[in-house]
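Comments concern the structure below.
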Amino acid sequence: MTNEELAKKLETLSELLEITGENPFKAKAYLKAAQSIRAIPEDIRSLVRKGELEALPGIGKSISQQIQKYVEEGRLPLLEEIQKKIPIEIVELLKIPHIGPKTAKILFDQFGISNISDLKEALFTGKIKEARGISSKTLSKLRAALSNKELSYERMLLNEAEELSYRIREFFGKYHPEVNLMIAGSLRRGKETVGDLDFLIFGADSGKALSHFIKRTGNTSSVVEGEEITRVIDDKGVQFDFLITTEEKKGAALLHLTGSKEHNIRLRQIAKSSGNRLTHEGIFLKNGKLLTFSSEEELYEFLGLHYIPPELREDWGEIEAAKNGTLPKLLCSKDIKGDLHIHSDWSDSSASLEDLAYIAEHMGYEYISVTDHAKRLMVARGLTLEQLKARNEAIDEINEKYAGKIVLLKGIELNIDKDGQVDYEESVLKEFDFCIASLHWGLSSDRDKITERLIKVMQNPYVDAIGHPTTRLLLKRPEADIDFERVFEEAAKTGTLFEINSFPDRLDLPPRLIRLAKRYGVKFIIGTDSHSVSHLPLIKYGVTTARRGWLEKSDILNTFSLNELKDEIKKRRIERMKRYG
DNA sequence: GCCGTTTTCGGCCCGACTGTTTTCAGTCG
């Protein structure tokens, strides 16, 4: 049982309450509770044990009791009660565009439809010809939505979303240079995965440019074209939202379209508490007069807040921090002095050492760490002792050739075996400048077992960092079940660094765990896990993820100069040797 | 159901767009 599982259950409960027509604010309360649980890094079971559930925002007496039952007996009493009235699976229907709680209720009441396959059958066999409360127009929209359903739900990885947004930019830049386009939404916040692309658009003939864009995407069946909002879904199912605004109003519009929704709600509450109304146009004062803002900075200032960078806008405490002036001074890309997780063609990358040196120098780095796979990872051509020796000599040669330009550190990516041991003896390990240890097998074994493996490996004096710690693959494989409270508590003692892996399908650690680790005093590195020279620029996604985890320059060891970095690694190894060696 | 530095009761973010229920409800972000 994980926080995520409980959050999903509470969300389902919230949706069922909406469908059954309960007090909508009660339904919202369950949704808020779900969000609260998803945002915290601590295991919900330990909060229940400590009796601290009600300290979470949006969780009061009643929901706390439900959660307690769930943790102790694996059931939510309210869910069981509602289940008697309506099948739980009906929440599936809400995923379909144009079906909300009211329409779902109508479908169930009038036709007994409670899942997608029932609905499909009913729609396509003509079982539903007319319904009270659902027009024939809506029915044909539903048919359209269901016939290409699998296309419309997918989320994109951050890099895919960014590349797509550049193509949209190019289109407008080429054909409509007079309009201004600004990227907003979850892409601007740097969220790990992106559902749709949001753009602000302003300037002369924005409407005309958008009509052109709609024609170009070709798919006109699902277009929404209003005065202010244009929505298009392309033939791959990707949704583009455009908000038309003006130069004077673009600050409020950008804030609105960037979100997150939860962040916006908090800001509107703040405006409201002083009698004003915050909308996408600006601030409506008590007397009805509209104040406009051409930048977000001015708007935050009006609300009495320091400027909040988009990456922090999740209502995870940033508003309180902006009020008190305690926002972090976030890390920047230019702070990074080197990439500490790179593979070469000595193992399974396509990049030669010389390629890497050349690119790294041109990226302005001071050093990189070549962390080829260690011998037990056969599929990735892990290095034998002989190969290792030869590779290290090759690194020495490159370092001589590039002296004064870039330094290649002799690194390795070790495999953590089932007992928390790694691939080589200490006599071999001590030759490396930098060792990352990663989990590559046994990812689905039970919580205690994986946790123990990590704790054991962190006690190895030469294991400097843990690579892609949760082992998640975004949109593919969930996080391994690991007790990170125990792991980070131990890491604070062992001085083990935690990687923020920049590869777009990993972005691992996730931000909520970064924040937990930081609370324990853990330090971090950012690595790309590059397997080709083209991967080195992916570091920016690692930086974004670190920013979403509220990290500052001093939290990340690869913002240090080479000498500082070496000293720090040495210091930490000596400390571990004293304790565990 | 939750919440409170004006409140333990009476609120709970805000608006665009659509379709149709000629004054508004439902969906969406």
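Per chain, numbering begins at 1; letters A, B, ... match sequence-line order. No hydrogens, no waters, no symmetry mates; every other heavy atom, side chains included, goes into these values.
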Practice prompt. Give the C-alpha distance, both sets of side-chain angles, the deciding distance and a yes or no for ring-ring contact (aromatic ring centres under 6.0 Å, His included) between A:H306 and A:Y300.
Written response: CA-CA 6 Å; A:H306 285 87; A:Y300 277 112; over 10 Å; no
Worksheet item: Can A:E485 and A:S46 be said to form a side chain to side chain contact (heavy atoms under 4.5 Å, CB included), step by step?
Response: CA-CA 10 Å; A:E485 285 170 272; A:S46 69; 3.8 Å; yes
Discussion item. Quick one, A:F108 with A:K105, criterion side chain to side chain contact (heavy atoms under 4.5 Å, CB included). Give me CA distance, side-chain angles, the key distance, then yes/no.
Written reply: CA-CA 5 Å; A:F108 181 70; A:K105 182 82 169 16; 5.7 Å; no
Practice prompt. Apply the test side chain to side chain contact (heavy atoms under 4.5 Å, CB included) to residues A:W550 and A:K518: give CA-CA distance (whole Å), side-chain angles for both, the deciding distance (0.1 Å), then the verdict.
Written response: CA-CA 9 Å; A:W550 292 47; A:K518 183 170 174 171; 5.8 Å; no
Worksheet entry | Worked check of side chain to side chain contact (heavy atoms under 4.5 Å, CB included) between A:L146 and A:I116 | CA-CA 9 Å; A:L146 280 170; A:I116 291 178; 3.9 Å; yes
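Within the structure, every side-chain polar atom (N or O) of A:T138 is placed at least 4.0 Å from both OP1 and OP2 of B:dG19. Considering only side-chain N and O atoms, A:Q239 lies nowhere under 4.0 angstrom from the phosphate OP1 or OP2 of B:dC28. Dashed line: the shortest gap from a side-chain N or O of A:T103 to OP1 or OP2 of B:dG26 is not under 4.0 Å.
Annotation: A:Y307, atom OH; neighbour count of heavy atoms from other residues, nucleotides and ligands within 6.0 Å is above 12.
Straight-line distance between the C1' atoms of B:dT8 and B:dC3: roughly 9 Å, to the nearest whole Å. The same atom, P, is picked in B:dC17 and in B:dC12; the two are 24 Å apart, to the nearest Å. Using P as the reference atom, B:dG1 and B:dT5 are 23 Å apart when rounded to the nearest Å. Rounded to whole Å, the separation between the C1' atoms of B:dT18 and B:dT23 comes to 15 Å. A distance of about 24 Å separates the P atoms of B:dC2 and B:dT6, rounded to the whole Å. Taking atom C1' on both nucleotides, B:dT21 is separated from B:dG26 by 11 Å, rounded to a whole Å. Straight-line distance between the C1' atoms of B:dC9 and B:dG15: roughly 28 Å, to the nearest whole Å.
Glycosidic conformation of B:dT7 is syn; the angle stays within 90° of 0.
Near DNA chain B, defined here as any heavy-atom distance below 4.0 Å, the residues from residues 10-35 of chain A are A:N23, A:F25, A:K26, A:A29, A:Y30, listed numerically.
For residues 243-260 of chain A, every residue pair satisfying the salt bridge (charged side-chain N to carboxylate O under 4.0 Å, His left out) rule, not counting sequence neighbours, is listed here: A:E247-A:K250, A:K249-A:E281. Applying the salt bridge (charged side-chain N to carboxylate O under 4.0 Å, His left out) rule to pairs touching residues 251-263 of chain A yields nothing, sequence neighbours excluded. Pairs passing the salt bridge (charged side-chain N to carboxylate O under 4.0 Å, His left out) check and including a residue from residues 3-16 of chain A, sequence neighbours excluded, read A:E4-A:K8, A:E4-A:R38, A:E11-A:R38.
Between A:L257 atom CG and B:dC28 atom P the separation is 18 Å, expressed in whole Å. Between A:D241 atom CG and B:dT27 atom C1' the separation is 13 Å, expressed in whole Å. A straight line from CZ of A:R266 to C1' of B:dG4 spans 13 Å, rounded to a whole angstrom. Regarding A:K95, its NZ atom lies at a distance of 17 Å from the P atom of B:dT27, rounded to whole Å. Separating the CG atom of A:L267 from the P atom of B:dC12 is a distance of 17 Å, rounded to the nearest angstrom. A:L93 places its CG atom 12 Å from the P atom of B:dT27, with the value rounded to the nearest Å. Spacing between atom NZ of A:K105 and atom P of B:dA25 amounts to 17 Å, rounded to whole angstrom units.
Taking NZ of A:K323 as the reference point, atom CD1 of A:I270 lies at 4.5 Å (rounded to 0.5 Å).
A salt bridge is defined here as a Lys NZ or Arg NE, NH1 or NH2 lying under 4.0 Å from an Asp or Glu carboxylate O, and A:K208 with A:E225 fails to meet this definition.
Nucleic acid contact class of A:L243 (heavy atoms, under 4.0 Å, all strands): none. When heavy atoms are screened at a 4.0 angstrom cut-off, A:K102 is found touching the sugar-phosphate backbone but no base atom. Within the 4.0 angstrom heavy-atom criterion, only backbone atoms of the sugar-phosphate kind lie near A:R231; the bases stay farther away.
Defined by atom type and a distance below 3.5 Å, a donor-acceptor pair is present between the side-chain atoms of A:E298 and A:S295.
For the side chain to side chain donor-acceptor pair (under 3.5 Å) criterion with A:E314, the lone passing option out of A:R189, A:Q35, A:K191 is A:R189.
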What are the atom names and distances for every N/O pair under 3.5 Å that joins the protein to nucleotides 5-9 of chain B?
none

Identify the pairs formed between an N or O of the protein and an N or O of nucleotides 14-18 of chain B at a distance under 3.5 Å, and give each distance.
residue: B:dC14; atom: OP2; partner: A:K272; partner atom: NZ; Å: 3.0
residue: B:dG15; atom: OP1; partner: A:R277; partner atom: NE; Å: 2.7
residue: B:dG15; atom: OP1; partner: A:R277; partner atom: NH2; Å: 2.6
residue: B:dA16; atom: OP1; partner: A:E228; partner atom: OE2; Å: 3.2
residue: B:dC17; atom: OP1; partner: A:E227; partner atom: N; Å: 2.8
residue: B:dC17; atom: OP1; partner: A:E228; partner atom: N; Å: 2.8
residue: B:dC17; atom: OP1; partner: A:I229; partner atom: N; Å: 2.9

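The pairing partner recorded for B:dC12 is B:dG1, the criterion being a Watson-Crick or G-U wobble arrangement whose two distances lie under 3.5 angstrom.
Along DNA chain B, the nucleotide nearest A:Q269 and the nucleotide nearest A:I134 are compared for position; the residue whose nucleotide lies closer to the 5' end is A:Q269. Each of A:K61 and A:L94 was assigned the nucleotide of DNA chain B with the nearest heavy atom; the assignment lying further toward the 5' end belongs to A:K61.
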